[in-house]
Q: 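I have a structure I would like to understand better, so I am pasting it below and will then ask my questions one at a time.
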Amino acid sequence: MNECGQGSSENATKCGTQVIDIQCYLVLNSTSQKIFIAVLCIGVGTLCILENTVILCMIWTSSHLKRKPSYIFLMSLALADLLASMVFSYSFVDFHVFHGVGTHAAFLFKLGGVTASFTASLGSLLLMAFDRYVSIHKPSTYKAKVTRKRALLALAGMWLIIMFIAYLPLMGWNCCQLETSCSELFPLISNNYLSSWIILVVVLLTLIIYSYAHILWKAHKHAVYMKQHNMQSVRGQARLRLDIMLAKTLALVLLVLVICWSPVLILMMHSLLFSLDKSIKTMFAFCSTLCLVNSMVNPMIYAWRSRELHCKLIKGFQSIKRLLSFTGTDLDLEGAQKNSGFDTVGEETVCDTEIS
């Protein structure tokens, strides 16, 4: 395998034609590695598409939920993860398994889609963290500050900025047109652009972690206060249970973010400082799939732990069962309702709860 040169002379040779020289970026040589990557991307990607499609449909078909800023941010997260799963799965398998790349513009367009979707996912997580931060830090003024209009404007601005940044390489910020050093991890990508994107992602992750850590601290502080003052009222106990649930959810959020994004960012930073051998490039290829796993796990953390969406999902399953029963399928709906622990009154109560 040829070495990936980083000097301007090597770049000029590689950029002399419209066909990209990808030999130094093809790190999956064994058939078993290619099969594993293909199965992983297709399997996780398909599950991710189904999860986020269900979330988008549930929120969009509910006139009550889609007016709430919390669920507007959740829709943005689901949309970003849906796009990430489709674009990343196709591009990653096409590049590493089938060695498809195309022209410079085609490759940078697909890479821009991957960059935009994953960055928008982090941007949506940041807006969700800010939403929860304001609701905990300023509960009395939350509804006045975080309105539907402001939520939509924030999302529109976030998506426009991220799309612009993601497609900068296609617009000219690449190592071929600028004749700068090329990344050893991504064809045509300038190390200057890669370092700038890493800084952006680190800033986003830092703000997300800070916001959730503050919320976690507030929840812990409130729980300690409740125990110290022996507040045993029904409302106090309910609030304590919500604080504990919130703490568990946020701890899971931080754990998933660190596990899924740390390996990729560390290897990217390493590529900017040191020359990479084949083993590290192979490790990066496998670690990149963790970002896809993050998009798959996000719905489980944010959506399925929402009692409103969980209630709506249960109602959807019950509607399907009723439809099947009308076509002759012998299903005991009453037994299913009892086993699920949801009844009509319980569903109305559960569906009045915000995202934890």
Side-chain angles (χ1 to χ4, degrees), residues 1 20 22-56 77-102 106-122 124-125 162 166-167 169 183-189 194 197-198 201 255-268 271 276 278-304:
M1 181 172 291
I20 303 174
I22 61 172
Q23 290 304 311
C24 53
Y25 299 98
L26 300 179
V27 294
L28 304 180
N29 292 323
S30 67
T31 304
S32 59
Q33 287 181 336
K34 293 180 180 179
I35 293 176
F36 177 79
I37 283 294
V39 172
L40 178 65
C41 288
I42 294 174
V44 175
T46 301
L47 181 58
C48 186
I49 291 172
L50 291 175
E51 287 178 335
N52 289 287
T53 301
V54 169
I55 291 172
L56 286 172
L77 176 65
L79 177 60
D81 287 336
L82 176 64
L83 294 175
S85 59
M86 292 190 297
V87 179
F88 177 84
S89 299
Y90 167 75
S91 301
F92 200 77
V93 172
D94 184 50
F95 183 84
H96 285 287
V97 177
F98 299 106
H99 302 169
V101 61
F107 175 79
L108 290 176
F109 180 81
K110 289 188 292 184
L111 185 60
V114 175
T115 304
S117 55
F118 279 127
T119 311
S121 179
L122 288 178
S124 299
L125 287 176
I162 286 176
Y167 283 101
S183 168
E184 293 189 62
L185 296 174
F186 305 99
L188 306 179
I189 297 301
L194 181 60
W197 185 80
I198 291 174
V201 172
L255 180 63
V256 169
L257 280 175
V258 171
I259 291 176
C260 292
W261 282 94
S262 292
V264 171
L265 291 176
I266 291 173
L267 290 175
M268 285 183 181
S271 72
L276 304 181
K278 182 182 175 182
S279 62
I280 296 180
K281 294 178 182 179
T282 304
M283 186 187 305
F284 176 78
F286 282 95
C287 289
S288 298
T289 59
L290 288 175
C291 297
L292 181 62
V293 173
N294 185 41
S295 294
M296 180 193 69
V297 174
N298 279 338
M300 302 178 187
I301 298 176
Y302 293 95
W304 306 138

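We're numbering straight along the sequence, starting at 1. Computed from a predicted structure; not experimentally measured.
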Q: For a quick test of reading the model, state the closest non-hydrogen atom pair linking Ile259 to Leu290 and the distance between them.
A: O-CD1, 3.7 Å
Q: Check whether the ring centres of Phe284 and Phe186 lie less than 6.0 Å apart, and answer yes or no.
A: yes
Q: Minimum heavy-atom separation for Leu28 to His96, with atom names?
A: CD1-CB, 3.7 Å
Q: Could you tell me the separation between the CD1 atom of Ile301 and the CG atom of Leu257, rounded to the nearest 0.5 Å?
A: 7.5 Å
Q: Write down the atom of Cys41, the atom of Phe92, and the distance for their closest heavy-atom approach.
A: SG-CD2, 3.7 Å
Q: Please test Ile42 against Ser89 for side-chain contact (heavy atoms from CB on, under 4.5 Å), starting from the C-alpha separation and ending with a verdict.
A: CA-CA 6 Å; Ile42 294 174; Ser89 299; over 6 Å; no
Q: Distance check, rounded to the nearest 0.5 Å: Asn298 atom CG versus Asn52 atom CG?
A: 8.0 Å
Q: Applying side-chain contact (heavy atoms from CB on, under 4.5 Å) to Ser121 and Leu77, what does each step give before you reach the verdict?
A: CA-CA 5 Å; Ser121 179; Leu77 176 65; 3.5 Å; yes
Q: Taking all heavy atoms of Val264 and all of Cys291, pick out the closest pair and write down the distance.
A: CG2-SG, 4.0 Å
Q: CD1/Ile280 to SG/Cys287 distance, rounded to the nearest 0.5 angstrom?
A: 11.0 Å
Q: Just so I know, are the side chains of Leu111 and Ile189 near enough to count as touching, which here means a heavy-atom distance under 4.5 Å?
A: yes
Q: How close do Ala116 and Ile162 get, counting heavy atoms only, and between which atoms?
A: O-CG2, 3.5 Å
Q: Locate the shortest heavy-atom distance separating Leu185 from Leu267; write the atom from each residue and the value.
A: CD1-O, 4.0 Å
Q: Describe, in one word, how the ring planes of Phe118 and Trp261 are oriented to each other, choosing from parallel (under 30°), tilted (30 to 60°) and perpendicular (over 60°).
A: perpendicular
Q: Using 0.5 Å steps for rounding, measure from the CD1 atom of Ile49 to the CG atom of Leu83.
A: 10.0 Å
Q: Can you measure from SG (Cys260) to CG (Leu255) and round to the nearest 0.5 angstrom?
A: 8.5 Å
Q: Find out whether Lys110 and Phe95 are in side-chain contact, i.e. whether some heavy atom of one side chain is under 4.5 Å from a heavy atom of the other.
A: no
Q: Less than 4.5 Å apart, any side-chain heavy atom of Thr282 and any of Gln33?
A: yes
Q: Under the criterion side-chain contact (heavy atoms from CB on, under 4.5 Å), which of Ser117, Ser295, Ser288 is the partner of Phe88?
A: Ser288
Q: CZ of Phe36 to OG1 of Thr31: how many Å apart, nearest 0.5 Å?
A: 15.0 Å
Q: Please evaluate residues Asp81 and Glu51 with respect to the criterion side-chain contact (heavy atoms from CB on, under 4.5 Å), reporting the C-alpha separation (whole Å), side-chain torsions for both, the decisive distance (0.1 Å), and the verdict.
A: CA-CA 10 Å; Asp81 287 336; Glu51 287 178 335; over 6 Å; no
Q: Determine, stepwise, if the pair Leu125 / Leu122 fulfils side-chain contact (heavy atoms from CB on, under 4.5 Å).
A: CA-CA 5 Å; Leu125 287 176; Leu122 288 178; 4.2 Å; yes
Q: Tell me, yes or no, whether the heavy-atom count around Phe286 atom CZ, taken from other residues, nucleotides or ligands under 6.0 Å, exceeds 12.
A: yes
Q: So, does Tyr167 use its side chain to make a donor-acceptor pair with the main chain of Gly113 at under 3.5 Å?
A: yes
